[in-house]
Amino acid sequence: EKGGYAHFMLKEIMEQPEAVRRTIQPRLADGEIVFEELEDERDLMKGISRIYLVACGSAYHVGMIGKYALERLLGIPVEACLASEFRYSAPLLGESALVIVISQSGETLDSMAALREAKRRGSKVLSIVNVMGSSIARESDHVLYTWAGPEIAVATTKAYTTQTVLLLMLGVYLARRLDRIGNGEYQEIVRELHGLHERIGMVLKNLELYQKTAARYFNHDSVFYIGRNQDYALGMEGSLKLKEISYIHSESYAAGELKHGTISLIEPGTLVVALAAYEPLVEKMRSNIVEVRSRGAEVVAMTTEETRDMIGSQASEVFVIPKIHTLLQPVLGVVPLQLFAYYIALNRGCDIDKPRNLAKSVTVE
Ligand code: F6R
């Protein structure tokens, strides 16, 4: 059942090229992004002045990526909200807000409750769900399914990447309809979507590097993830993956925030995972790496082929992802972080597919 892999988590990580291809492919036709699911409402954005992305855990981290991407693409305020906080705060709901709920299982109680609150207060709800016919899918006005297939490991991997790609595709599709993206950039993104699964395959080829790096650091008892913009969102996910399956204490910070307190925790030997793929801010990330290294931190970096030298020269190890449009980078960038967490947990002898105290789907508040 694990297809020859030691764990479902590893199997599901390796299934990502196929899961992503299955999610993208039915939505590309004749060089365009198409959403048949939205055929009955061709003007989804009519009268919409803000978007809330609502979810829990890893799905919330997808929402954080979406916040940066959709705000830039659509030019309206977009907020990522934790479902458990959403209904106890005062979101500006009503007809002019679009609520996008993201959930693998489609049964997470907090996300369900947020959905009901949004509908009760007159907002349209679109959901991104993996499990067909689940409660969240049934109660939403529109559903976009991720075609990740069944996810068994408690720690999500292929659901996360398919949710991310689907949300980004939706953003680009809406930007196109609203005439907010140039034809050249649009065509480039469509082209890259066609080949995205192959690029994930390329990242998966470096298993030995992730394994070797994990073997070097698995004894650390505290890890910091830093990044800026969408790389910060990625750090949130990398940090969660590590702590949930390896039980190593780990935190994620916006790199610029470090000096406002947390840098006091960096001492000789502290491990910092520095995410530096987002091109507009790579220089700034380089300074942040220099900053932590001068306090003695060990740095594992993630960057792209183009900035491999600039970032790699400052780090002890570097995970390099292939060149791709900035928008789609998180789909590649998360993969080394999943495998790094996986191999660290493996080295520590943890119960990877069923970490202590955790359930696959959380149906209590
Ligand atoms: C982490 C993880 C959880 C889920 C969260 C939401 O690896 O799996 O954080 O992402 O519980 O679950 P769904 O997506 O089913 O609503």
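Numbering of ligands and ligand atoms starts at 1, following listing order. These figures come from a predicted structure and were not determined experimentally.
For the pair Arg348 and Phe218, the cation-pi criterion (under 6.0 Å, within 45° of the ring axis) is not fulfilled. Both the sub-6.0 Å distance and the 45° axial angle are satisfied by Arg356 relative to the ring of Tyr247.
Polar contact with ligand 1: absent for Ala155 (N/O pair, distance under 3.5 Å). At least one N or O atom of Ser58, backbone or side chain, sits closer than 3.5 Å to an N or O atom of ligand 1.
When non-hydrogen atoms are compared, ligand 1 lies under 4.0 Å from the side chain of Lys241 (C-beta onward) but not from its backbone.
Of all protein heavy atoms, the one lying nearest to atom 6 (C) of ligand 1 is Cys56 O, 3.4 Å. Thr108 OG1, 3.5 Å is the protein heavy atom nearest to atom 12 (O) of ligand 1. Protein heavy atom closest to atom 11 (O) of ligand 1, with residue, atom name and distance, is Val362 CG2, 4.4 Å. Looking only at heavy atoms of the protein, atom 8 (O) of ligand 1 is closest to Val154 O, 3.2 Å. The protein heavy atom nearest to atom 14 (O) of ligand 1 is Gln104 N, 2.6 Å.
Close approach to Ser105 involves these atoms of ligand 1, each under 4.0 Å from a residue heavy atom: 13 (P), 15 (O), 16 (O). Residue Gly57 has at least one heavy-atom neighbour below 4.0 Å for each of these atoms of ligand 1: 9 (O). Less than 4.0 angstrom separates some heavy atom of Glu244 from each of these atoms of ligand 1: 1 (C), 7 (O).
Glu107 contributes a side-chain N or O that, together with a main-chain N or O of Ser135, makes up a donor-acceptor pair within less than 3.5 Å. Judged purely by atom type and a 3.5 angstrom limit, Thr23 uses its side chain to pair as donor or acceptor with the backbone of Trp147. Side chain of Asp353 to backbone of Phe8: a donor-acceptor contact under 3.5 angstrom is found.
Residue contacts with ligand 1: Ser361 is excluded, as none of its non-hydrogen atoms falls under 4.0 Å. Ligand 1 does not have Asn130 within reach: every non-hydrogen atom of the residue lies 4.0 Å or more from it. A heavy-atom separation below 4.0 Å is not found between Glu107 and ligand 1.
Under the 30°/60° scheme for interplanar angles, the aromatic rings of Phe224 and Tyr253 are found to be tilted.
Cluster annotation: Leu240 is not connected to Ile248 through the hydrophobic network of ILVMFWY side chains, with a link wherever side-chain heavy atoms come within less than 4.5 Å.
In plain terms, the two heavy atoms of Pro355 and Glu244 that are nearest each other are CB-O, 3.2 Å.
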message = The test is side chain to side chain contact (heavy atoms under 4.5 Å, CB included); show your working for Val172 and Leu327 and say whether it passes.
response = CA-CA 10 Å; Val172 175; Leu327 191 76; 3.3 Å; yes

